[in-house]
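Within every chain, numbering begins at 1; the chains are lettered A, B, ... in the order of the sequence lines, protein sequences first and strands thereafter. The structure displayed is predicted, hence computed values, not measured ones.
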Amino acid sequence: MHEFNWGLLIVVYLFLGGLSAGLFFAAGLANYLTVDDKPVYAKVARMGALLAPWPVAIGSGLLILDLGNWYRFYKLFLHFRWQSPMSIGSYLLTIFTLIAFVYLFAWLKEDERKWIFSKIPATWKQVHRLNVDISSWREKIAMVGFPFSIGVGIYTGVLLGAVSARPFWNTNLVAQMFLFSALSSGSAALLLAMLLDRKNPVEKHETKFLVTLDVVFISLELFIILPYIIHGQLSSQAVKDALTLILGGPYTVVFWVFFLFLGLLVPLAIEVYELFPSIFKGREFHGSRRMALTAAGLVLFGGFLLRYIFVYAGQVSSFHRMGLLR
Amino acid sequence: MAIKKKRYALVIDSRKCINCKACVVACKAENKVPVGNFRNRINEERKGEYPKLSINFEPEQCHHCADPSCVRVCPTGASWQRKDGIVLVNYDECIGCRYCMVACPYDARYFNEEEGVVDKCTFCSHRVDKGDIPACVETCPSKVRVFGDLEDPTARIHELLSTRRYRVKEPQTGNGPQLYYLL
Ligand code: SF4
Ligand code: SF4
């Protein structure tokens, strides 16, 4: 029997890392869209900025706890090994998390910032020096953060894709698949948060923006997944064998029914249905709350399942002996 | 003539293997391998159906790859390769991320739950450094295993590999495995 060396915590970690990348990206983008120099999606940008750092921070915490010797995690930062995706990723993730927290700080309202610093002992003078208004830096921080958010999204895929021993993973399409899935999860999570925030009811143009963004990302993801399967079929025998895991093997149902259909095609269909009248028939975007909630929830569910399927099925695939398949 | 470079490898004449598992036991004792973990194993390959049945026994362990993917992915450098080709884990540096286990195409590594580190066959480097041979090689009653230095023209494995036909497992992994199976 084949054992799984990586389990659910790795799945959660990859999902949360990607989620933060997507949240930051969507929030940063929203910050840049202005009409007559006035930001039209300021609420979206703020919500995204407030949420972005947390998933990755929690995910990294979980990853550290998953280590055999968690207290040795600092050793990751005593070495730089350019051939190891995990080494590069650890640095990338740390820098991204820091930027995301600074970006959050830049979006705090004056009273929120004051409140936080009021909780810090007055004797910690050095810390109180940080109590400055950096809201004018928002665009700059977003710009610096973009490449890192993309990098984190890609990294979650490269971590698996770079493993030559696992034919199910070993294609560069996995990196793009994970990136687009991360971006789509990010905009879906942002949409979900906006919809659930009853105090500041979401406006139609904001829903439309996030739904549109998600349609773009889901489409990109879809057209990476289909080539992944076709490409695999045209590849070497080991890759073809590995793909049987989702083409008749134990991960077939979860891949096609739960991930591809429920987690990707259904939300895409809902979102396109929502956008269609406003784009092609010149009618107003009505933005059904329930539809948007369903679509966003399903996208997140699909994003999680994608990581789940890849982490588990990938470990079963092998040149050596196809674990469960023999 | 002084031999400058060393390259340790293992030749396995698996047709002689009778599946007595003396090597597995010897390794466990020599290296204090935790209960439930193994550094070497005997793969069984059955062919045909009774009464026309054949079983092949094929010992396997870490291949001490020439270009080991486990070393490549290790984020801390805990997995490393000696100049003589032996691939080892530096237990003090290992954080237990298990990336190397996922990246080993031969499933040669195990996770030592108690220590929280990864471990595997060391070619008994502690014995080899004293001029001995690995415990599994010494113990094998049917002389399946021949250990030696590929760079040494007088070594028995040199002779075997130049006169007998052999294969390595899954060369398409690109790892350059160093267990040579005689045909
Ligand atoms: S067999 Fe696996 S553990 Fe051994 S050197 Fe090769 S890749 Fe590393
Ligand atoms: S488990 Fe240890 S030896 Fe293996 S990759 Fe991680 S740090 Fe390196």
Worksheet item: Sub-3.5 Å donor-acceptor pair from the side chain of A/Trp70 to the main-chain atoms of B/Ile95, do we have one?
Response: no

Worksheet, complete the sentence: With B/Cys97 as partner, the option from A/Leu67, A/Leu63, A/Ile64, A/Asp66 fulfilling side-chain contact (heavy atoms from CB on, under 4.5 Å) is A/Leu67

Worksheet item: Above 12 or not: heavy atoms from other molecules or residues under 6.0 Å from CZ of A/Phe223?
Response: no

Discussion item. Quick one, A/Leu159 and B/Tyr99 - any side-chain contact, counting heavy atoms below 4.5 Å?
Written reply: yes

Item to complete: Flag yes if more than 12 heavy atoms outside B/Arg164 fall under 6.0 Å of its CZ atom; otherwise flag no.
Response: yes

Fill in: chain A contact via B/Val71 - which portion, at a heavy-atom distance below 4.5 Å
both

Item to complete: Name the region of A/Trp169, side chain, backbone, both or neither, that has any atom closer than 4.5 Å to a heavy atom of chain B.
Response: side chain

Item to complete: Work out which heavy atom in B/Pro75 is nearest to a heavy atom in A/Met86; give both atom names and the distance.
Response: CG-SD, 3.7 Å

Worksheet item: Above 12 or not: heavy atoms from other molecules or residues under 6.0 Å from CD of B/Glu44?
Response: yes

Worksheet item: With distance as the sole test, does A/Asn69 use its side chain to make a donor-acceptor pair with the main-chain N or O of B/Gly96 at under 3.5 Å?
Response: no

Worksheet entry | Engaged part of B/Phe111 at the chain A interface, taking heavy atoms whose separation is under 4.5 Å | side chain

Worksheet item: Is B/Arg98 reaching over with its side chain to a backbone N or O of A/Asn5, donor-acceptor style, under 3.5 angstrom?
Response: yes

Worksheet entry | Closest non-hydrogen atom pair, B/Ala103 against A/Ala165 | O-CB, 3.2 Å

Item to complete: Identify the heavy atoms of A/Ser318 and B/Pro105 that sit nearest to each other, and give their distance.
Response: OG-O, 4.1 Å

Check: residues 225-236 of chain A side-chain donor-acceptor pairs under 3.5 Å, at least two apart:
unit_1	atom_1	unit_2	atom_2	d
A/Tyr228	OH	A/Phe168	O	2.6

Practice prompt. Could you go through the side-chain contact (heavy atoms from CB on, under 4.5 Å) check for A/Phe319 and B/Asn175 one step at a time?
Written response: CA-CA 12 Å; A/Phe319 286 99; B/Asn175 268 22; over 6 Å; no

Fill in: Greater than 12 external heavy atoms within 6.0 Å of A/Tyr91's OH
yes

Worksheet item: Do other residues, nucleotides or ligands put more than 12 heavy atoms under 6.0 Å from A/Phe80 CZ?
Response: yes

Worksheet entry | Distance in Å, B/Ser69 OG paired with A/Asn170 CG, rounded so as to fall on 0.5 Å steps | 10.0 Å

Practice prompt. Please state whether the side chain, the backbone, both or neither of B/Glu113 comes within less than 4.5 Å of a heavy atom of chain A.
Written response: neither

Item to complete: Could you tell me the separation between the CD atom of A/Gln83 and the SG atom of B/Cys74, rounded to the nearest 0.5 Å?
Response: 11.5 Å

Fill in: Close side-chain approach of A/Gln315 and B/Val102, heavy atoms under 4.5 Å
yes

Worksheet item: Which residue out of B/Asp92, B/Val73, B/Thr173 racks up the most heavy-atom pairs below 4.5 Å with chain A?
Response: B/Asp92

Worksheet item: Got a sec, which pairs hit side-chain hydrogen bond (donor to acceptor under 3.5 Å, both in side chains) with one end in residues 72-82 of chain B, sequence neighbours left out?
Response: B/Asp67-B/Arg72, B/Ser79-B/Arg109, B/Arg82-B/Asp84, B/Arg82-B/Asp129

